[in-house]
Student: 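Mind looking over this structure? Questions follow.
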Amino acid sequence: MKKTVQIFSMLLIALTVMVSCKKDTDPADRDFFVGTYKGSVSYRSGQNTITSSDGKVTVSKVGETYNFYFGNNIPDITGVKFEKKGDNSYVSIGSGLTGISIDASNLTIRVAKDSQFWTADCTR
C-alpha cells in the first residue's frame, strides 16, 4: 500500500511540474500593440479634411485582422492584416490597406483607399 501511495504521489508531482512549466512566448505573439496610441492624426476625403494634433487611435484585434478606431469623427479602418517585419514590429499587407506600421510603442499610418487618405504619427 505504501508503494502505491508513493508512486501516485510521484505521478502527481510530475504532472504538476509539466502543467506549470510552459513554453516561453515571444512578446510579439501577445499582441502588445493592441491598445490606444495618441498623437497627430488626419483624414481627407474630397474637400473634407480633419486634422488633430492631440488625436487618438485605438487598435483592436478580431480573429486574424486588426481594426483602427479614430476619434475626431475620422472614419475607422477595419479588417487590416499584418506581417512581421524585423523584431516585434509589423506592417500592413493586402489590397488598399498598406501603409500602416506598428510596434509596442509607435503607430504610423499612411493609407490611401477609395479617394480617402488617413495619416497618423502616434505613440503610447
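Counting from 1, the numbers follow the sequence of the chain as shown.
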Student: So, do Tyr66 and Ile77 sit near enough that their side-chain heavy atoms are less than 4.5 Å apart?
Tutor: no
Student: Roughly how far, to the nearest 0.5 Å, is the OG atom of Ser42 from the CG atom of Asn72?
Tutor: 10.5 Å
Student: What do you reckon, are the aromatic ring centroids of Phe70 and Tyr43 less than 6.0 Å apart?
Tutor: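 No.
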Student: Do Ile50 and Val41 sit in the same hydrophobic cluster, where Ile, Leu, Val, Met, Phe, Trp and Tyr count as joined when their side-chain heavy atoms come under 4.5 Å apart?
Tutor: yes
Student: Taking all non-hydrogen atoms of both residues into account, name the closest pair between Ser40 and Cys122 and its distance.
Tutor: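 What the structure gives for the nearest pair is O-SG, 4.0 Å.
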Student: Tell me whether Val34 is reachable from Val91 by hopping between hydrophobic residues (I, L, V, M, F, W, Y) whose side-chain heavy atoms are closer than 4.5 Å.
Tutor: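 Cluster IDs for Val91 and Val34 differ.
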Student: Out of Thr123, Asp121, Ile100, which residue meets the side chain to side chain contact (heavy atoms under 4.5 Å, CB included) rule with Leu107?
Tutor: Ile100
Student: Out of curiosity, Lys38 NZ to Ser53 OG, how far, rounded to the nearest 0.5 Å?
Tutor: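 Lys38 NZ to Ser53 OG: 13.0 Å, rounded to 0.5 Å.
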Student: As an exercise, state the distance from CD of Glu83 to OH of Tyr90, rounded to the nearest 0.5 Å.
Tutor: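 With rounding to 0.5 Å, CD (Glu83) is 10.5 Å from OH (Tyr90).
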Student: Are there more than 12 heavy atoms of other residues, nucleotides or ligands under 6.0 Å from atom CG of Asn48?
Tutor: yes
Student: Measuring from atom NZ of Lys81 to atom OG1 of Thr98, what distance do you get when rounded to the nearest 0.5 angstrom?
Tutor: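 Answer for the NZ-OG1 pair, Lys81 versus Thr98, is 15.0 Å.
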Student: Determine yes or no for a side-chain-to-main-chain donor-acceptor pair under 3.5 angstrom, with Trp118 supplying the side chain and Pro75 the backbone.
Tutor: yes
Student: Might you point out which heavy atoms bring Gly55 and Ser52 nearest each other, and give the distance in Å?
Tutor: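 Nearest pair, atom of Gly55 first, then Ser52: N-OG, 3.3 Å.
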Student: Please list, chain by chain and in numerical order, all residues satisfying side chain to side chain contact (heavy atoms under 4.5 Å, CB included) with Asp114, sequence neighbours excluded.
Tutor: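 In terms of side chain to side chain contact (heavy atoms under 4.5 Å, CB included), with neighbours along the sequence ignored, Asp114 is linked to Gln116.
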Student: I need the minimum non-hydrogen distance between Tyr37 and Ser105, along with the two atoms involved.
Tutor: CE2-C, 3.9 Å
Student: To the closest 0.5 Å, what do you measure between OG1 (Thr108) and CG (Asp103)?
Tutor: 8.0 Å
Student: Would a 4.5 Å heavy-atom cut-off, applied to side chains only, mark Asn67 and Val62 as touching?
Tutor: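 The answer is yes; the side chains approach within 4.5 Å.
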Student: Should the ring pair Phe82 and Phe68 be called parallel, tilted or perpendicular, given that the plane angle runs from 0 to 90° and is split at 30 and 60?
Tutor: tilted
